Amino acid sequence: MKVIAFNGSPRKNFNTAMLLKHALEGAAEAGAETSLVHLYDMSFSGCRSCLACKSRNRPRTGLCVLRDAATPYLEEALNADVILLGSPIYFYTESSSMRAFMERLLFPVTRYEKERSLLKRTIRTALFYTMNITEAEIAKRNPPFPENFSLSVIEQSAFFMKRVFGHCETLLCTDTMQVQDYSKFYMDIYDGATKKQRHDEVFPLDCQRARELGRRLASASDLQDKESS
Ligand SMILES: Cc1cc2nc3c(=O)[nH]c(=O)nc-3n(C[C@H](O)[C@H](O)[C@H](O)COP(=O)(O)O)c2cc1C
């Protein structure tokens, strides 16, 4: 059982990375071989719309034909049993590196045919999002569109992941602590003490949820149960 996680935050030890690390620990507890890739360590681009992955003159491998730093990791992801994608919300969507990575991962396995995925097997996937917005703010904005845009982006990403890989779950981590000491920054709309309290009390629970999700996704028997149900 191979589980690969991609961190779409430029920060390697903050909220998103911590959630992914806990998810991988859970997966390792279930016996999986795990790895964590930091997208901001790599120089790569999004889809160039060359459409070579859809060409009748080439073998359809599901792997993006562009060759850059993302290539070996895209290949690893397609050979994995579980793919975890973690991203901070930036202006109500995934970070630019995560968007670019998702384009490269999803488009070559997406078919413009009746059958929409090139994959012959299920790869379990999960999307992890961290954000400043609170649960109450999300509830307030949902509906109407476009105010609920942050949620619709998440739902759309989950939809595309599920269509291609056959399985996708999402874990939201809201009201995160963006900086350790708010008094050092022009961030007056946030109360540092309240943020810290939330971080101390709720973030460990978010990490626990991530750990449980990682463990469950990496558990082969649970995979069979879910797929046959
Ligand atoms: C460029 C930028 C844009 C952001 N936009 C949003 C946003 O639209 N909504 C939101 O809730 N948080 C937003 N945030 C806050 C981050 O999503 C939040 O702090 C997240 O937990 C950071 O993840 P990290 O700690 O893993 O880096 C933004 C942060 C940055 C740096």
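The figures that follow rest on heavy atoms only: side chains count, while hydrogens, waters and symmetry mates do not. None of the values given here were measured: they were computed from a predicted structure.
Transitive grouping of hydrophobic side chains (ILVMFWY, heavy atoms separated by less than 4.5 Å) brings Val109 and Leu63 into a common cluster. Clustering ILVMFWY residues whenever any of their side-chain heavy atoms sit less than 4.5 angstrom apart, transitively, puts Met177 in the very cluster that holds Ile189. Connection of Phe159 to Ile123 is established within a shared hydrophobic cluster, with ILVMFWY side chains joined at heavy-atom distances below 4.5 Å, either directly or through further cluster members. Residues Leu172 and Phe14 fall into different hydrophobic clusters, defined by Ile, Leu, Val, Met, Phe, Trp and Tyr side chains chained together at heavy-atom separations under 4.5 Å. Residues Leu39 and Leu106 share a hydrophobic cluster, clusters being chains of Ile/Leu/Val/Met/Phe/Trp/Tyr side chains in contact below 4.5 Å.
For the atom pair Cys168 SG and Ile83 CD1, the distance stands at 10.0 Å (nearest 0.5 Å). Here Cys64 contributes atom SG and Phe44 contributes atom CZ; the two are 11.0 Å apart, rounded to the nearest 0.5 Å. One finds the CG atom of Leu24 at 12.0 Å from the CD atom of Glu33 (value rounded to the nearest 0.5 Å). Rounding to the nearest 0.5 Å gives a distance of 9.5 Å between OG of Ser49 and CD of Glu103. With rounding to the nearest 0.5 angstrom, the OH atom of Tyr90 is 6.0 Å from the OG atom of Ser95. Note that CG of Asp175 and OG1 of Thr130 are 11.5 Å apart. Values are rounded to the nearest 0.5 Å.
No side-chain heavy atom of Leu127 sits less than 4.5 Å from a side-chain heavy atom of Ile154. Leu84 has its side chain out of reach of Thr125: every pair of non-hydrogen atoms, C-beta onward, lies at least 4.5 Å apart. Between Glu76 and Ser35, the closest side-chain pair of non-hydrogen atoms falls below 4.5 Å. Side-chain atoms of Leu105 and Val164, non-hydrogen and from C-beta on, never get closer than 4.5 Å to each other. In this structure the side chain of Leu85 reaches within 4.5 angstrom of the side chain of Met98, judged on heavy atoms. Using a 4.5 Å heavy-atom threshold, the side chains of Asn132 and Tyr190 count as touching. In this structure the side chain of Tyr92 never reaches within 4.5 angstrom of the side chain of Val153, judged on heavy atoms. Side-chain contact between Val3 and Leu217: absent, with no pair of heavy atoms (C-beta onward) separated by less than 4.5 Å.
In this structure, Ala158 and Thr170 approach most closely via the heavy-atom pair CB-CG2, 3.9 Å. For Gly86 against Thr16, the heavy-atom pair with the smallest separation is C-CG2, 3.3 Å. Closest approach of Asp68 and Ser43 over heavy atoms only: CB-O, 4.2 Å. Closest approach of Ala32 to Ala218, counting heavy atoms only: CB-CB, 3.9 Å. Residues Gly8 and Tyr40 share a closest heavy-atom pair of O-CE1, 3.2 Å. In terms of heavy-atom proximity, Cys53 sits nearest to Pro108 at SG-CA, 3.7 Å.
Checked for salt-bridge contact, Glu135 and Arg198 meet the test: a charged N lies under 4.0 Å from a carboxylate O. Salt bridge absent: Glu25 and Arg215 never bring a charged side-chain N and a carboxylate O closer than 4.0 Å. Ion pairing of Asp191 with Lys195 is absent here, as no side-chain N (NZ or NE/NH1/NH2) approaches a carboxylate O to less than 4.0 Å. Salt bridge status for Asp81 with Arg124: absent, with no side-chain N to carboxylate O gap under 4.0 Å. A salt bridge does not link Glu113 to Arg56: none of the charged nitrogens lies less than 4.0 Å from a carboxylate oxygen.
With hydrogens and angles disregarded, no donor-acceptor distance shorter than 3.5 Å links the side chain of Asp41 to the backbone of Val37. Of the possible donor and acceptor atoms, none in the side chain of Ser9 sits under 3.5 Å from a partner among the backbone N and O of Ser87. Not a single donor-acceptor pair under 3.5 Å links the side chain of Arg48 to the backbone N or O of Ser45.
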Validation: residues 201-208 side-chain donor-acceptor distances under 3.5 Å, sequence neighbours left out:
unit_1	atom_1	unit_2	atom_2	d
Glu201	OE2	Gln197	NE2	3.2
Asp206	OD1	Arg209	NH2	2.8
Gln208	NE2	Glu212	OE2	3.0

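Using a 3.5 Å distance cut-off with no hydrogens or angles, the side chains of Thr174 and Thr134 do not pair a donor with an acceptor. For the residue pair Tyr182 / Asp188, no side-chain donor-acceptor distance below 3.5 Å is found, with atom types taken as modelled.
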Q: Go through the steps for Lys21 and Asn7 under the test side-chain hydrogen bond (donor to acceptor under 3.5 Å, both in side chains), then give the verdict.
A: CA-CA 10 Å; Lys21 285 175 190 173; Asn7 175 25; over 6 Å; no

Q: Given side-chain contact (heavy atoms from CB on, under 4.5 Å), test Gln178 with Met187 step by step and report yes or no.
A: CA-CA 10 Å; Gln178 194 166 7; Met187 288 184 148; 3.7 Å; yes

Q.
Could you go through Glu94 and Tyr129, starting from their C-alpha distance and side-chain angles, then the distance that decides it, and tell me whether this counts as side-chain hydrogen bond (donor to acceptor under 3.5 Å, both in side chains)?
A. CA-CA 8 Å; Glu94 288 98 358; Tyr129 292 100; 2.5 Å; yes

Q.
Phe128 vs Asn15, test: side-chain contact (heavy atoms from CB on, under 4.5 Å). Steps then yes/no.
A. CA-CA 10 Å; Phe128 296 75; Asn15 300 287; over 6 Å; no

Q: In sequence, state the C-alpha distance, the side-chain angles, and the governing distance for Leu20 and Leu36, and then conclude on side-chain contact (heavy atoms from CB on, under 4.5 Å).
A: CA-CA 8 Å; Leu20 290 175; Leu36 175 61; 4.1 Å; yes

Q: Quick one: do His22 and Leu213 satisfy side-chain contact (heavy atoms from CB on, under 4.5 Å)? Show the steps, please.
A: CA-CA 9 Å; His22 278 82; Leu213 179 54; over 6 Å; no

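Atom NZ of Lys54 has more than 12 heavy atoms from other residues, nucleotides or ligands within 6.0 Å. The 12-atom threshold is exceeded at CZ of Arg121, counting heavy atoms of other residues, nucleotides or ligands nearer than 6.0 Å.
By the 30° and 60° cut-offs, the orientation of the rings of Phe6 relative to Tyr73 is perpendicular.
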